[in-house]
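Report on the structure given below.
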Amino acid sequence: MMSLEFLIASAIGVMTAAGIYLLLRRRTFPVVLGLAFLSYAINVFLFSMGRVVVDQPPIYDKAATAWTDPLPQALVLTAIVIAFGMTAFVVILALRAYLETGTDHVDGLPDAVRPVEDGVDADSIMPDTEEEVTP
């Protein structure tokens with residue numbers, strides 16, 4: 001049987017891996033999604049550090065037999081607000097870069113100006129449309 005700790009640790013690992021993968025893409029939208037995935041993974045990690053306790057009050061009282069630590073909940077709530085502001089800023093920054101450069105590549109170079117790496121043009125190996133194929 002799978003434990004809750006294993007499930008949370010797996011979810012954190014999957015979200016972190018997806019975030020890092022998306023951060024390494026060439027376009028700006030996947031980079032923004034990668035940042036969002038990483039912030040979600042960090043939020044779940046912070047929340048799980050407070051030991052997941054069900055049906056317990058977050059405030060210590062002499063009458064309560066058990067309680068949960070409210071600090072991780074406060075940290076996660078603060079992190080959610082900061083991540084929302086950061087995501088909005090990055091989206092506006094990516095939109096501005098797209099409007100100024102005309103491309104949504106991270107380096108700001110359009111496909112026609114992109115340098116050839118190792119003597120092989122990436123577009124000649126895998127063109128975007130069938131019209132670009134040269135015999």
Side-chain angles (χ1 to χ4, degrees):
M1 180 148 188
M2 190 180 312
S3 68
L4 183 62
E5 290 85 7
F6 180 74
L7 182 65
I8 290 175
S10 298
I12 292 170
V14 167
M15 284 191 290
T16 303
I20 290 173
Y21 175 77
L22 288 172
L23 275 176
L24 298 175
R25 300 293 90 201
R26 290 171 55 179
R27 307 249 180 209
T28 55
F29 185 68
V31 171
V32 172
L33 287 179
L35 284 172
F37 269 119
L38 278 178
S39 69
Y40 295 153
I42 291 169
N43 288 343
V44 173
F45 176 73
L46 286 175
F47 191 70
S48 66
M49 287 296 98
R51 295 196 177 122
V52 179
V53 180
V54 181
D55 293 333
Q56 299 298 328
I59 299 173
Y60 179 71
D61 187 13
K62 293 189 189 242
T65 58
W67 54 283
T68 184
D69 188 12
L71 184 62
Q73 297 171 14
L75 287 174
V76 168
L77 184 60
T78 305
I80 289 170
V81 172
I82 292 171
F84 178 74
M86 180 193 67
T87 303
F89 175 72
V90 170
V91 165
I92 296 299
L93 192 64
L95 181 62
R96 176 69 182 215
Y98 173 73
L99 292 175
E100 295 233 350
T101 62
T103 183
D104 65 342
H105 284 225
V106 175
D107 58 3
L109 295 175
D111 290 330
V113 183
R114 191 161 307 284
V116 177
E117 297 176 9
D118 297 330
V120 178
D121 185 14
D123 292 332
S124 66
I125 295 173
M126 184 175 271
D128 291 335
T129 61
E130 294 179 9
E131 298 170 0
E132 294 180 18
V133 176
T134 55

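All values below come from the heavy atoms of this structure, side chains included, with hydrogens, waters and symmetry mates left out. Owing to the predicted nature of the structure, the values given are computational and were not obtained by experimental measurement.
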Next on the checklist: Hydrophobic cluster membership, with links at side-chain heavy-atom distances under 4.5 Å among I/L/V/M/F/W/Y: are Met49 and Val44 in one?
Outcome noted: yes
Checklist entry - Nearest 0.5 Å, what's the CE-CG distance between Met15 and Asn43? => result 8.5 Å
Checklist entry - Phe37 and Leu22: side chain to side chain contact (heavy atoms under 4.5 Å, CB included), yes or no, with the steps? => result CA-CA 9 Å; Phe37 269 119; Leu22 288 172; 3.7 Å; yes
Checklist entry - For the hydrophobic clusters of this structure (ILVMFWY residues joined by side-chain heavy atoms under 4.5 Å, transitively), does one cluster hold both Val14 and Leu35? => result no
Checklist entry - Between atom OH of Tyr40 and atom CG of Leu33, what is the distance when rounded to the nearest 0.5 Å? => result 9.0 Å
Checklist entry - Under a 4.5 Å cut-off applied to non-hydrogen side-chain atoms, are Tyr98 and Thr103 in contact? => result no
Next on the checklist: Less than 4.5 Å apart, side chain to side chain, heavy atoms only: is that true for Pro72 and Leu46?
Outcome noted: no
Next on the checklist: Tell me which one of Leu23, Leu24, Val90 satisfies side chain to side chain contact (heavy atoms under 4.5 Å, CB included) with Val31.
Outcome noted: Leu23
Checklist entry - To the nearest 0.5 Å, what is the distance between CD1 (Ile82) and OG1 (Thr87)? => result 11.5 Å
Checklist entry - Do Phe47 and Ile12 share a hydrophobic cluster, counting only Ile, Leu, Val, Met, Phe, Trp and Tyr and linking them when any side-chain heavy atoms are less than 4.5 Å apart? => result no
Next on the checklist: Please tell me whether Met86 and Leu77 are part of a single hydrophobic cluster in this structure, the criterion being side-chain heavy atoms less than 4.5 Å apart.
Outcome noted: no
Item to check | Straight-line distance of Ser10 OG to Glu5 CD, nearest 0.5 Å | outcome: 11.5 Å
Next on the checklist: Once rounded to the nearest 0.5 Å, what's the spacing between atom CD of Glu100 and atom CG of Leu95?
Outcome noted: 10.5 Å
Checklist entry - Is the closest side-chain heavy-atom distance between Arg26 and Val106 below 4.5 Å? => result no
Checklist entry - Is it true that Phe84 and Val76 fall in one hydrophobic cluster, defined by side-chain heavy atoms closer than 4.5 Å? => result no
Item to check | Straight-line distance of Thr16 OG1 to Ile20 CD1, nearest 0.5 Å | outcome: 6.5 Å
